[in-house]
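Just so it is clear, the structure is predicted and the values come from calculations on it, not from any experiment. Hydrogens, waters and symmetry mates are skipped; everything else that's a heavy atom, side chains included, is used.
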Amino acid sequence: MASQLHLIVPISILLLNLMFSSCSFAQGLPSPGYYPGSRFPSLSFDQGFRNLWGPQHQRVDQGSLTIWLDKSSGSGFKSLHPYQSGYFGAAIKLQPGYTAGVITSFYLSNNQDHPGNHDEIDLEFLGTTPDKPYTLQTNVYIRGSGDGNLIGREMKFHLWFDPTQDYHNYALLWNPNEIIFFVDDLPIRRYPRKSDATFPLRPMWVYGSIWDASSWATEDGKYKVDYRYQPFVGRYKDFKLVGCTADGPGSCRPPSASPSPTGGLSQQQVATMQWVQRNYLVYDYCHDPKRDHTLTPEC
């Protein structure tokens, strides 16, 4: 009986610690005060996108999309229209377990229109080993900085939840003044237009994909895709495509993701973004001593 009591006491203490830590976490997650994702209508996949490659590795069911990677192929999709600005998002659920080397993505690009000299805005989930969390990489390429000699503008984050357990909302706001990255309506990064040379201004399409990036995706290529764990699956639903199409009227105004119709972030949204970056930012290109910062003057 005494040995059972010794066992019960540590377990009860452990449970109390878990309760307190979960409560303090819930109190620590700040409210942005404004939820742009709820203000824009959701689209089914077919309303806004089409398959781009790997059609045998894509399935659409009641407006939701499943794409997967195996040894034979991955898959990608593309919006029906190019955009000059807008709010673009999707609810995404990632694969659990061993996913090293696999990238699941949602991004803007004009690489097919400007090969070798393209612009791009990325949300990329970098696969991982089972003992480590996913990394969400945000990135911006301007006029060929993603071609040849890469000049990335990466900021990488861990997440405050397990992205394999449920769908979560990920979004990009892009307008002539700024790019803002969102996770569940919490702004995590703002990239302002400081000069035309460091900001993407040409029309872009919206893409998503799952593919093998073994050479760099997980710990700089230390861990590769292991096809013993195939298929690697990405699930997307509740797409958001709200903005000004490239061939639309010049009077079109891009949507705002803050209470102000002119854009930017509210003070509460800025405070939320600062909280995310204090707690979950794991890499910032501007603070990388190995980088040549003459190539990224916005830093």
Side-chain angles (χ1 to χ4, degrees), residues 37 42 44-46 48-78 88-109 121-139 154-172 181-184 186 188 206-240 280 282-283:
S42 294
S44 67
F45 176 78
D46 292 327
F49 297 91
R50 62 174 178 85
N51 176 263
L52 181 62
W53 60 281
Q56 296 83 14
H57 290 69
Q58 171 183 307
R59 182 176 67 250
V60 179
D61 181 28
Q62 295 183 331
S64 299
L65 173 73
T66 302
I67 54 176
W68 60 93
L69 166 71
D70 61 26
K71 202 159 190 173
S72 65
S73 180
S75 188
F77 58 92
K78 180 182 180 180
F88 312 101
I92 303 172
K93 184 179 180 182
L94 302 176
Q95 167 111 352
Y98 187 99
T99 57
V102 178
I103 286 188
T104 309
S105 68
F106 187 80
Y107 63 103
L108 307 180
S109 179
I121 306 170
D122 292 330
L123 282 166
E124 296 175 305
F125 300 94
L126 311 185
T128 188
T129 54
D131 58 325
K132 295 178 181 175
Y134 267 92
T135 298
L136 172 59
Q137 174 170 283
T138 65
N139 202 357
E154 302 93 343
M155 288 179 70
K156 301 178 184 180
F157 300 83
H158 288 158
L159 297 166
W160 49 95
F161 51 83
D162 181 349
T164 72
Q165 293 299 302
D166 205 351
Y167 286 90
H168 289 268
N169 296 301
Y170 306 91
L172 304 161
F181 300 81
F182 293 89
V183 176
D184 285 340
L186 273 66
I188 63 169
V206 188
Y207 294 85
S209 61
I210 190 166
W211 56 289
D212 184 332
S214 288
S215 62
W216 64 270
T218 306
E219 298 185 37
D220 296 322
K222 179 180 178 181
Y223 298 99
K224 316 291 187 186
V225 175
D226 187 339
Y227 285 103
R228 290 178 299 174
Y229 300 103
Q230 70 177 27
F232 302 98
V233 180
R235 294 179 171 87
Y236 299 71
K237 67 177 184 177
D238 297 336
F239 296 91
K240 312 277 186 178
Y280 294 98
V282 295
Y283 176 82

Exercise. Please test Phe77 against Leu65 for side chain to side chain contact (heavy atoms under 4.5 Å, CB included), starting from the C-alpha separation and ending with a verdict.
Key: CA-CA 10 Å; Phe77 58 92; Leu65 173 73; 3.4 Å; yes
Mind checking whether [X] and [Y] have side chains closer than 4.5 Å, heavy atoms only?
X	Y	value
Thr164	Tyr134	yes
Pro163	Phe161	yes
Leu186	Trp160	yes
Leu108	Phe88	yes
Lys93	Gln165	no
Phe181	Ile121	yes
Tyr107	Ser209	yes

Quiz item: salt bridge (charged side-chain N to carboxylate O under 4.0 Å, His left out): which pairs involve residues 49-65, sequence neighbours left out?
Solution: none
Distance in Å, [X] [atom1] paired with [Y] [atom2], rounded so as to fall on 0.5 Å steps:
X	Y	atom1	atom2	result
Leu69	Ile103	CG	CD1	11.0 Å
Gln56	Asp70	CD	CG	10.5 Å
Leu126	Gln137	CG	CD	5.0 Å
Tyr223	Thr218	OH	OG1	9.5 Å
Asp166	Ile92	CG	CD1	13.0 Å
Phe157	Tyr283	CZ	OH	12.5 Å

Exercise. Mark yes or no: Lys237 above the aromatic ring of Tyr167, with NZ or CZ under 6.0 Å from the six-membered ring centre and no more than 45 degrees from the axis.
Key: yes
Quiz item: How far apart are the C-alpha atoms of Phe125 and Tyr170, what are their side-chain angles, what is the distance that settles it, and do they pass the ring pair (Phe, Tyr, Trp, His ring centres under 6.0 Å) test?
Solution: CA-CA 11 Å; Phe125 300 94; Tyr170 306 91; 4.7 Å; yes
Quiz prompt | Tyr207-Phe106 aromatic ring centre distance below 6.0 Å | solution = no
Quiz item: Does the ring centre of Phe49 sit less than 6.0 Å away from the ring centre of Phe239?
Solution: yes
Counting N and O atoms only, with roles assigned by atom type, does the side chain of [X] sit under 3.5 Å from a partner on the main chain of [Y], one being a donor and the other an acceptor?
X	Y	result
Ser214	Gly101	no
Thr99	Thr128	yes
Asp238	Ala90	no
Thr135	His158	no
Gln58	Ile67	no
Gln230	Lys71	yes
Asn51	Trp53	yes
Ser105	Gly208	no
Ser75	Trp68	no

Quiz item: Shortest non-hydrogen contact from Ser44 to Gly63?
Solution: CB-CA, 3.5 Å
Quiz prompt | Ile210 versus Thr104, closest heavy-atom pair with distance | solution = CD1-OG1, 3.8 Å
Quiz prompt | Non-neighbouring partners of Tyr229 that pass side chain to side chain contact (heavy atoms under 4.5 Å, CB included), sequence neighbours left out | solution = Tyr98, Asp226, Phe232
Self-check item: Derivation of the side chain to side chain contact (heavy atoms under 4.5 Å, CB included) call for Asn169 and Val183
Solution: CA-CA 6 Å; Asn169 296 301; Val183 176; over 6 Å; no
Quiz item: With a 3.5 Å cut-off and no angle check, do the side chains of Lys240 and Ser42 form a donor-acceptor pair?
Solution: yes
Quiz item: Can you check side chain to side chain contact (heavy atoms under 4.5 Å, CB included) on Leu123 and Thr138, steps first, answer last?
Solution: CA-CA 5 Å; Leu123 282 166; Thr138 65; 4.0 Å; yes
